[in-house]
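Right, one structure below, let's go through it.
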Amino acid sequence: MISMDNTIITRFPPSPTGSLHLGGARTAIFNWLYARHMNGRFVLRIEDTDLQRSTQESVDAIFEAMEWLGIDWDEGPYFQSKRFDIYKEHIDRLVADGSAYYCTCTPEQVDRMREEAKKSGGKPKYDGSCREKNLQWEAGAVVRFKAPLTGSTVIEDKIRGNIAFANTELDDFIIARSDGSPMYNLAVVVDDITMNINFIIRGDDHISNTPKQILLYQALGEKIPDFGHVPMVLGHDKSRLSKRHGAMAVTAYRDMGYHPDAMVNFLVRLGWSHGDQEFFTRNELIEKFNLDHIGRSAGVFNPEKLLALNAEHIRNASSESLVPHLMPFLEAKGIKTEPGEFLNGVIETLKPRSKTFIEMADGAVFYFQEKPVYDEKAAAKFLKPDLTGPIKQLADGIAGLAVFDEKNLEDIFKQVMADAGLGFGKVAQPVRVALTGKTVSPGIFEMILALGKEKVISRLYDAVQWMEKALGTE
RNA sequence: GUCCCCAUCGUCUAGCCUGGUCCAGGACACCGGCCUUUCACGCCGGCGACAGGGGUUCGAAUCCCCUUGGGGACGCCA
């Protein structure tokens, strides 16, 4: 508490007008990581001053996404809609000391001004008609900030260096609507001041808002926080990410079987680097993340790389840690199971061959079936009657095993192969079909071990029976 | 239109600040091959980029300028 001044306080301020999308998620992650890395604090704030567009569903979707990503906050969530008194207070103060003024121009009039300005080759701006009228409040009036007419405002950006704007580029922007509600720039600044935010990391689409906000800080006599503008995330066509780019909501990736750590890893790596390292665990990210290696150019979202990274995260995680992630997908397939040794063993065999949890659940099905469902072609090709003997011998051998382990399993296989004069593949593939119903599965021994002695034996005998019946019908 | 930002393989990027070690490194994807009981994993190799033009310099991916290209912002949205 002695040196609170040095504590980095970042924030993530989504507006609840939709689900949390990739770009927003990355901004959240950057702020969160920076706060964690710096041992600072991270604040969540919901920017719902636009009552028309904000929805409770969106608020819930944002929380859901944050939770899935594993981003926790130290303060909040604050809701701007509950802080109108605070904004009102600041707006009044600005009007009182002459930093802002009432404006009674109608939207139509302002539209015309913008047209005019555009025609004369400039930026569409409000022309300042009411600036010096010293109007009192009246119904329908908005409050405009009295922006400086000369000079320039400089952003000392921690990522991109200094960015200067001529103040003539700015117009007297509205800080309070005619219904008294605060506009974005005002609300953000007041919030960041009152919440002690001292480090703002956001998309570079906010660069042009920054001079306005800096001016507001100055008018309010407050210290300007540090800014760091990160490049945006673009769609495959290099345009701003939007609905037409397909899955944008981060939770859509949860539903497609992605691991949140992979998502975080991917998003961070899109714009930030640590030499050639591609794979990062959450803790590694907290340890290594900093602003020094954030790029300056926009990045294209590349789903294939996300997929590859997801596979890598699945491969590298402990089977046990994967259980809660996989469970919903198992349930969706009607598989009832519970955490434990058996499930861990199943996952262990599936890890290197699953790019998503959906794939993993697909691959896990045979382990849980009462009896495997034979793929017609596979059974016809590999469960030949002449294998009846060897398979039976194998089943008997396994049944007689005191210790059910890979070494003993191998010995039995060798014995069967030798007695039947068959190569390993000639035995293994039929066994695979007998046990899984398919020609593709995890390695034969690891799969047998994971399945468990009882199931292996009964499935083997079932196969023998099947083969004998097939023989009878021929 | 005006202002701002950006510019290395198809994509994500290292290198750029502190020019030479870069005829530019890694990853994804793609193509070969190896391993192998299937499918994967893994391993080896290949393809593939400093946007263009001017400078500065003995020397430029690295510094400067211009052009071009891309993106963003210009709202009683955030």
Side-chain angles (χ1 to χ4, degrees), chain A residues 13-17 47-50 52-54 80 103 105-107 110-111 114 117-126 140-144 155 157 160-161 163-166 168-171 173-179 181 183-185 187-188 203-211 229 231-232 234 236 238-240 266 269-279 292-293 295-309 311-312 315 350-355 359 363 378 382 413 423-429 431-433 436 438-445 447:
Chain A
S15 67
T17 53
E47 309 218 324
D48 54 353
T49 53
D50 186 342
Q52 304 301 314
R53 300 198 306 154
S54 300
Q80 290 190 325
C103 165
C105 296
T106 63
V110 177
D111 278 348
R114 294 207 177 92
K118 221 168 176 177
K119 236 177 274 173
S120 51
K123 204 170 238 183
K125 298 197 298 188
Y126 169 67
V142 297
V143 179
R144 286 183 182 276
I155 307 173
D157 196 281
R160 340 178 76 102
I163 304 169
F165 287 83
T168 48
E169 286 300 317
L170 274 26
D171 69 350
F173 55 94
I174 295 175
I175 57 176
R177 298 182 179 89
S178 50
D179 65 1
S181 63
M183 284 285 286
Y184 169 71
N185 286 116
V188 172
D204 65 15
D205 50 333
H206 280 287
I207 287 180
S208 53
N209 281 323
T210 310
H229 288 95
M232 304 189 49
L234 272 24
H236 54 82
K238 297 207 173 199
S239 70
R240 196 192 174 113
F266 172 79
R269 228 359 284 263
L270 212 183
W272 174 81
S273 63
H274 184 76
D276 286 335
Q277 189 172 347
E278 301 280 351
F279 182 91
D292 300 342
H293 291 280
R296 283 172 297 275
S297 52
V300 173
F301 170 66
N302 179 190
E304 286 179 330
K305 188 149 186 174
L306 205 211
L307 219 212
L309 206 47
E312 199 173 346
R315 241 181 283 133
L350 262 14
K351 275 191 336 192
R353 48 208 113 218
S354 307
K355 287 185 171 20
E359 284 187 20
F382 294 105
F413 263 81
F424 190 79
K426 294 288 181 201
V427 177
Q429 209 51 4
V431 168
R432 190 185 310 283
V433 174
T436 71
K438 299 174 295 183
T439 53
V440 173
S441 88
I444 202 83
F445 295 126
M447 182 260 288

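Order of the sequence lines fixes the chain letters, A, B, ..., with proteins taken first and strands second; residue numbering starts at 1 for each chain. The structure displayed is predicted, hence computed values, not measured ones. Just so you know, these numbers use all the heavy atoms, side chains as well, and skip hydrogens, waters and symmetry mates.
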Please report the distance separating the [atom1] of [N] from the corresponding atom of [M], rounded so that it comes out in whole Å.
N      : M      : atom1 : value
B/rU62 : B/rA78 : P     : 43 Å
B/rC50 : B/rC6  : C1'   : 16 Å
B/rA49 : B/rA14 : C1'   : 13 Å
B/rC23 : B/rC43 : P     : 28 Å

Next item on the list: With heavy atoms under 4.0 Å as the rule, sort A/F165 into base, sugar-phosphate or nothing.
Entry: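 Sugar-phosphate, backbone atoms only, no base.
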
Item checked: Where protein sits on nucleotides 66-77 of chain B, one letter per nucleotide: B base, S sugar-phosphate only, - none, heavy atoms under 4.0 Å -> -----SSSBSBB

Note to self: I need a per-nucleotide contact map over nucleotides 33-49 of chain B, read 5' to 3'. Cutoff is protein heavy atoms under 4.0 Å; write B for the base, S for backbone only, - otherwise.
What the structure shows: ----BBBBSS-------

Next item on the list: For B/rC16, give its Watson-Crick or G-U wobble partner with both distances under 3.5 Å, or none.
Entry: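 No nucleotide pairs with B/rC16.
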
Item checked: Partner nucleotide of B/rG1 by Watson-Crick or wobble geometry (both distances under 3.5 Å) ->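 With both distances under 3.5 Å, B/rG1 matches B/rC74.
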
Notebook entry, point to check: Which nucleotide, B/rC5, B/rA14, B/rA27, lies nearest any side-chain atom of A/D276?
Noted result: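 Closest nucleotide among those given: B/rA14.
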
Next item on the list: Between B/rC12, B/rA29, B/rA14, spot the one nearest the side chain of A/S273, thanks.
Entry: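 For A/S273, the side-chain atoms sit closest to B/rA14.
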
Can you list everything that forms a salt bridge (charged side-chain N to carboxylate O under 4.0 Å, His left out) with [X]? Sequence neighbours excluded, please.
X      : value
A/K125 : none
A/R240 : A/D205
A/K426 : none

Next item on the list: Of all the heavy-atom pairs spanning A/P442 and A/L350, show the shortest one and how long it is.
Entry: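 For A/P442 versus A/L350, the nearest heavy atoms are CG-CD1, 3.6 Å.
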
Notebook entry, point to check: Hey, is B/rC30 sitting syn or anti, using the within-90° cutoff around 0?
Noted result: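 Nucleotide B/rC30 adopts anti.
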
Check: Is there side-chain contact between A/F173 and A/M183, with at least one heavy-atom pair below 4.5 Å?
Finding: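 Answer no - side chains too far apart.
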
Margin query: Within the structure provided, determine whether A/I207 and A/I163 are in side-chain contact (heavy-atom separation under 4.5 Å).
Written below: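 Yes, close enough: below the 4.5 Å cut-off.
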
Notebook entry, point to check: So which one's nearest nucleotide on RNA chain B is more toward 5', A/R269 or A/N185?
Noted result: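 Residue closer to the 5' terminus by nearest nucleotide: A/R269.
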
Next item on the list: Could you tell me whether A/R177 atom CZ has more than 12 heavy atoms of other residues or ligands within 6.0 Å of it?
Entry: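 Yes - once you tally the heavy atoms of other residues, nucleotides and ligands closer than 6.0 Å, there are more than 12.
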
Checklist line | Set of residues satisfying side-chain hydrogen bond (donor to acceptor under 3.5 Å, both in side chains) with respect to A/R269, sequence neighbours excluded | finding: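 Once residues adjacent in sequence are excluded, the partners of A/R269 under the side-chain hydrogen bond (donor to acceptor under 3.5 Å, both in side chains) criterion are A/E278.
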
